[in-house]
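Have a look at the structure below, then the notes.
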Amino acid sequence: MLYRLKDAGYQAFLVGGGVRDLLLGLQPKDFDVATDATPEEVRALFSNSRLIGRRFRLAHVRFGREIIEVATFRGTGGGGDGNGEHVVHESGRIIADNAWGSIEEDALRRDFTVNALYYNIADYSIWDFTTGFEDIQRRLLRLIGDPETRYREDPVRMLRAARLSAKLGLDIEPASAEPIPRLATLIDDVPPARLFDEFLKLFQTGHALPSYRKLRELALFAHLFPATAAALAEDADGSFARLIELALRSTDERVAADRPVTPMFLFAVLLWRPVQRLAPELQAQGGELSDWQALAAATAEISAAQSRRIAVPRRFSLPMREVLQLQPRLEQRQPRRVRRLLQHKRFRAAYDLLALRAQAGEIDQALVDFWTAAQAGEGAGNGAGEAAGTNGRGRRKRRRRRRGARRGAQAPAH
Ligand code: ATP
Ligand code: MG
C-alpha cells in the first residue's frame, strides 16, 4: 500500500509506534502510515478505505482483517493548503487538528520523540526531525517541545507517558515527567469516552501492573479512579492495595497466555472497597435499608460516579455490579442457595474476586475452598442430591436451565 501511494506520486512513510517498537527490538503491534496525500486523495486511491474522525480526520485502509491508519501530514495552519483546520481552545487544548503541513511540521506535533521517527519506504531511510533516534538508544521517553504546553494541548499525553514508559520500560525524561503531577487535574476535563479507550490500552494489553504503578507515581490514578484512590488512602491493613495488585498481575498473566480478559472484572476489583465502605454509610443515613438494599444502592452510586469519569459501556458496568453484589451472597452456604449461586451467570467472576480477596488477606481462605469444592462437586455431577434424579448430562442441563429461568423471573422481587 505504501508503494501504491508512492507510485501515485505521494510521499509515504511508516511512523509512530510500529517504527519505534522495531527500533527497540520489540514486536510491533501495528503500523501507521503518514503521507502528503489528503484523506480524500487516499480514499480515491484505495477502494478498500474509508474516512474517519472529526477532531483528527484520517483514512482507514482495510487489508483482510487488518486496518492501516493513513494520516495526512499535519501542520499548525498558515502554511497548509487551507483544506483543514487547526483549532486551539483558550485553555490551550487542541480541538481540531486537520490543517495539512509538511513532514517536519507533522513530526513536531507528535507527542514523544521516539514516536516521531519516519521510515521512508523509497530508500529504507529513517527520518528524524527531533532526537528520537538518540532517545531510543538511551531508552528515554521525551516530549517534543515544551512539556507543559504539550500536556495542556492534550492532557491524554500524560496518560500516554505513563503507559508507554510502563509498556516499553522507558524512563520518562525528567523535564517531561516534572509537570505531570502538577497538571494531573487536567485529566478531569477529558471526555469520559476517550478515557475508556485509554483505560483499555493501559489495563487490558498485558502491562496493567506497571501502568498502574506509574499512574500512581505520577499522581494520575486518582483522576481516573477517584473513589478507588480515596479507599487506598484509608486502607489500614493494606489488603485493598494487595487486591488491586494481585488482580492486575493476573490480568497481565491472562493476556500473556492469550486468555480473554474483560474490563468488567477490573472495574469490579477497583470499585469493591469503595462499595463496601459506602453501603454501611448509606444504612446509617436512615431509610431502613437492609444489607442487600444498601449494597445495591452503594453499587449503583459508585458505579454511576465512576462512569462520569470513565465511560464504561453498560455491557460491562451491569455485570460488574452483579459481581459486586454477589460477594456477600457467597458467604451463605445453605445447599439450596449454593446450587443456585453456582448457576448464576456471574458466579465465575464473583468467585475469582472472592479468591483474590482471600489472597489479599481480606477474608478467610476457607470460604474460597468451600466454593472451589462446591464447583468440583457440581462438575463431577454429584452435587447435593441433584444427580439422584437424573440419568445423564443432557437431562441435568435441562433442569438447570429451567431453574435458571425461574430465578430470572423472580429477580425483580429481591
Ligand atoms: P501503541 O503501540 O500503543 O499503538 P502508539 O505510539 O502507536 O502506541 P497510537 O495511539 O497508535 O500510539 O498513535 C500513533 C502515533 O500518533 C504515535 O506514535 C504518535 O506519534 C501520534 N500520537 C498519538 N496520540 C497522540 C497525541 N495525543 N498527541 C500527539 N501525537 C499523538
Ligand atoms: Mg499504534
Side-chain angles (χ1 to χ4, degrees), residues 155 158-159 162 181 184-200 202-204 208-209 211-248 251 262-285 287 289 291-314 316-328 346 349-350 352-354 356-357 360 362-363:
M158 295 190 279
L159 300 176
T185 52
L186 297 175
I187 296 295
D188 301 353
D189 299 325
V190 175
R194 193 160 173 220
L195 290 184
F196 183 67
D197 293 342
E198 289 303 316
F199 170 86
L200 295 179
L202 282 158
F203 289 104
Q204 305 272 269
L209 186 55
S211 292
Y212 165 75
R213 289 181 174 157
K214 229 358 165 211
L215 289 171
R216 298 264 295 161
E217 186 187 316
L218 295 169
L220 292 166
F221 183 75
H223 296 277
L224 295 176
F225 290 95
T228 309
L232 279 169
E234 291 176 27
D235 181 29
D237 65 358
S239 61
F240 188 42
R242 283 194 297 277
L243 174 71
I244 292 175
E245 298 237 338
L246 286 166
L248 296 172
T251 300
T262 159
M264 125 10 212
F265 185 71
L266 276 189
F267 272 89
V269 168
L270 291 166
L271 298 183
W272 165 239
R273 185 63 59 85
V275 164
Q276 213 178 3
R277 279 162 27 123
L278 182 60
E281 280 175 33
L282 293 178
Q283 267 177 324
Q285 284 166 16
L289 294 180
D291 287 356
W292 303 123
Q293 288 167 328
L295 184 73
T299 305
E301 190 172 321
I302 296 282
S303 155
Q306 182 60 50
S307 294
R308 286 193 288 276
R309 198 50 64 104
I310 301 182
V312 188
R314 289 173 83 77
F316 300 126
S317 63
L318 295 180
M320 175 212 51
R321 286 164 58 171
E322 291 182 284
V323 168
L324 292 173
Q325 292 185 46
L326 278 174
Q327 293 306 302
R346 305 300 165 207
D352 287 345
L353 175 53
L354 191 80
L356 289 179
R357 288 172 59 204
E362 182 204 324
I363 54 167

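Note that the structure is predicted; figures quoted are calculated from it, not measured.
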Pairwise side-chain contact, Ile310 with Phe225, heavy-atom cut-off 4.5 Å (strictly under): yes
Hits for side chain to side chain contact (heavy atoms under 4.5 Å, CB included) against Ala184, two or more places apart or cross-chain, chain-then-number order -> Leu220, His223
Just verifying a value: how many Å separate Ile244 CD1 and Leu209 CG, rounded to the nearest 0.5 Å? 11.0 Å
Within a strict 4.5 Å, meaning less than it, do heavy atoms of the Leu295 and Leu324 side chains meet? no
A side-chain contact here means heavy atoms from C-beta on lying under 4.5 Å apart; do Phe265 and Leu356 qualify? yes
Looking only at atom types and distance, does a side-chain atom of Gln204 sit under 3.5 Å from a main-chain N or O of Phe199, one as donor and one as acceptor? no
What closest approach, in Å, do Phe316 and Met264 show between heavy atoms, and which atom pair accounts for it? O-CB, 3.5 Å
Just wondering, do Arg277 and Phe240 contact through their side chains at under 4.5 Å, heavy atoms? no
Close side-chain approach of Val312 to Pro263, heavy-atom, < 4.5 Å: no
Between Ala349 and Val323, the two heavy atoms sitting closest are CB-CG2, 3.7 Å
Before you tell me yes or no, could you show the steps for Thr228 and Phe221 under side chain to side chain contact (heavy atoms under 4.5 Å, CB included), namely the whole-Å CA-CA distance, both residues' side-chain angles and the distance that decides it to 0.1 Å? CA-CA 9 Å; Thr228 309; Phe221 183 75; 3.8 Å; yes
Quick check: does any side chain N or O of Thr299 sit under 3.5 Å from a backbone N or O of Arg321, one acting as donor and the other as acceptor? no
Of the non-hydrogen atoms in Ala298 and Leu282, which two are nearest, and what is the gap between them? N-CD1, 3.5 Å
If you measure from CE on Met158 to CD1 on Ile187, what distance do you get to the nearest 0.5 Å? 4.0 Å
To the nearest 0.5 Å, atom CG of Leu270 lies from atom CD1 of Ile302 at 12.0 Å
Applying side chain to side chain contact (heavy atoms under 4.5 Å, CB included), run through Leu232 and Arg216 and close with a yes or a no. CA-CA 11 Å; Leu232 279 169; Arg216 298 264 295 161; 3.3 Å; yes
Residue pairs fulfilling salt bridge (charged side-chain N to carboxylate O under 4.0 Å, His left out) with at least one residue in residues 291-312, sequence neighbours excluded: Asp188-Arg309
Side chain to side chain contact (heavy atoms under 4.5 Å, CB included), paired with Val269, selected from Asp352, Leu243, Thr251: Leu243
Check against salt bridge (charged side-chain N to carboxylate O under 4.0 Å, His left out), Lys214 and Glu217: CA-CA 5 Å; Lys214 229 358 165 211; Glu217 186 187 316; 3.3 Å; yes
For the pair Glu245 and Arg213, evaluate salt bridge (charged side-chain N to carboxylate O under 4.0 Å, His left out) and give the outcome as yes or no after the intermediate values. CA-CA 9 Å; Glu245 298 237 338; Arg213 289 181 174 157; 2.5 Å; yes
Report yes if some heavy atom in the side chain of Leu326 is under 4.5 Å from a heavy atom in the side chain of Leu354; otherwise report no. no
Drop me the distance from Gln327's CD to Gln276's CD, to the nearest 0.5 angstrom. 9.0 Å
For a 4.5 angstrom cut-off between non-hydrogen side-chain atoms, does Pro313 reach Phe196? yes
Under a 3.5 Å distance rule, please check whether Gln325 uses its side chain to pair with a backbone N or O of Met320 as donor and acceptor. no
is_close_aromatic(Phe203, Tyr212), centroid dist under 6.0 Å: no
For Ala294 and Ala279 the tightest heavy-atom approach is CB-O, 3.6 Å
Leu224 CG to Leu195 CG distance, which is reported to the nearest 0.5 Å: 6.0 Å
Output for pair (Leu318 CG, Ser303 OG), nearest 0.5 Å, gives 7.5 Å
Pair Gln306-Ser317, side chain to side chain contact (heavy atoms under 4.5 Å, CB included): steps then yes or no: CA-CA 10 Å; Gln306 182 60 50; Ser317 63; over 6 Å; no
